[in-house]
Amino acid sequence: MTHRKIVSIDGGSAEYWRQRKLGFLLIHEAEWALSRLNRAPMYLHGGYDENGDVIPIENLRPYADMEDAIRAIEANETAVSILVAQRRTKIGDYEVKAVIRELKDRDRD
């Protein structure tokens, strides 16, 4: 027996529109993080060693920001439902595992 989650939608309620706005905002923030990731330098200047050579520091912040944005989407039911409706399982090269799971569950039914 298949158990389906029935979602009641009140399109006239302020709470519904607040949740939708937040869901789209989280998706937009992930897209923005991807844009910053694609433009960010791979290394930052870390100073000089005793021979005068540059000490490079790997720039990991954009990767962490992208992973945080994906986790925020996965934690928000509305953002996941928006991506499921779009059948969009990735943002850039980053998979949104909650969307993949939901689509697999729907395909099985």
Side-chain angles (χ1 to χ4, degrees):
M1 179 176 194
T2 303
H3 296 284
R4 294 184 185 210
K5 182 178 178 184
I6 306 297
V7 177
S8 176
I9 297 173
D10 179 4
S13 74
E15 179 62 20
Y16 170 81
W17 290 109
R18 188 186 70 74
Q19 289 294 329
R20 301 298 287 176
K21 184 176 179 181
L22 177 60
F24 278 107
L25 176 66
L26 292 171
I27 294 166
H28 177 71
E29 286 176 354
E31 291 167 342
W32 184 246
L34 178 65
S35 173
R36 287 190 314 267
L37 174 65
N38 290 334
R39 291 180 283 121
M42 187 176 285
Y43 294 99
L44 303 173
H45 184 285
Y48 297 96
D49 65 11
E50 63 277 351
N51 297 325
D53 296 326
V54 173
I55 302 170
I57 296 175
E58 194 171 3
N59 186 13
L60 299 177
R61 182 79 253 160
Y63 296 95
D65 290 345
M66 187 64 195
E67 290 168 3
D68 289 346
I70 295 296
R71 275 194 296 277
I73 288 172
E74 290 182 335
N76 184 282
E77 188 176 328
T78 303
V80 170
S81 72
I82 291 166
L83 292 175
V84 167
Q86 296 173 349
R87 300 191 71 76
R88 187 172 171 197
T89 59
K90 291 183 175 183
I91 296 180
D93 290 335
Y94 288 80
E95 289 183 338
V96 184
K97 291 178 177 41
V99 174
I100 294 169
R101 281 191 304 272
E102 183 67 28
L103 288 172
K104 283 183 181 178
D105 287 347
R106 287 184 181 193
D107 290 342
R108 268 188 253 148
D109 294 339

Is it possible for you to say whether Ile91 and Leu22 belong to one hydrophobic cluster, with membership spreading through side-chain heavy-atom contacts below 4.5 Å? yes
Is it true that atom CG of Asn38 has more than 12 heavy atoms of other residues, nucleotides or ligands lying nearer than 6.0 Å? yes
Only pairs at least two apart or in different chains count here, so list each side-chain hydrogen bond (donor to acceptor under 3.5 Å, both in side chains) that has a residue in residues 58-76. Arg61-Asp65, Asp68-Arg71
Output for pair (Asp107 CG, Glu102 CD), nearest 0.5 Å, gives 10.0 Å
What are the two closest heavy atoms between Ala69 and Ala33, and how far apart are they? CB-CB, 4.4 Å
Would you indicate whether the side-chain heavy atoms of Trp17 and Arg20 approach each other to under 4.5 Å? yes
Would you mind telling me which of Thr78, Val99, Leu83 makes a side chain to side chain contact (heavy atoms under 4.5 Å, CB included) with Ile73? Leu83
Hey, could you give me the CD1/CD1 distance between Ile82 and Ile27, rounded to the nearest 0.5 Å? 4.5 Å
Is it the case that the side chain of Arg39 and the backbone of Ser35 share a donor-acceptor pair, with hydrogens and angles ignored and the cut-off at 3.5 Å? yes
Between Tyr48 and Gly52, the two heavy atoms sitting closest are CD2-O, 3.4 Å
Treating Ile, Leu, Val, Met, Phe, Trp and Tyr as nodes and any side-chain heavy-atom pair under 4.5 angstrom as an edge, say whether Phe24 and Met66 lie in one connected cluster. yes
Looking at Asn51 and Asp53, would you say the former's side chain and the latter's main chain have a donor-acceptor pair under 3.5 Å? no
Separation between NE2 (His28) and CD (Glu31), nearest 0.5 Å, reads 7.5 Å
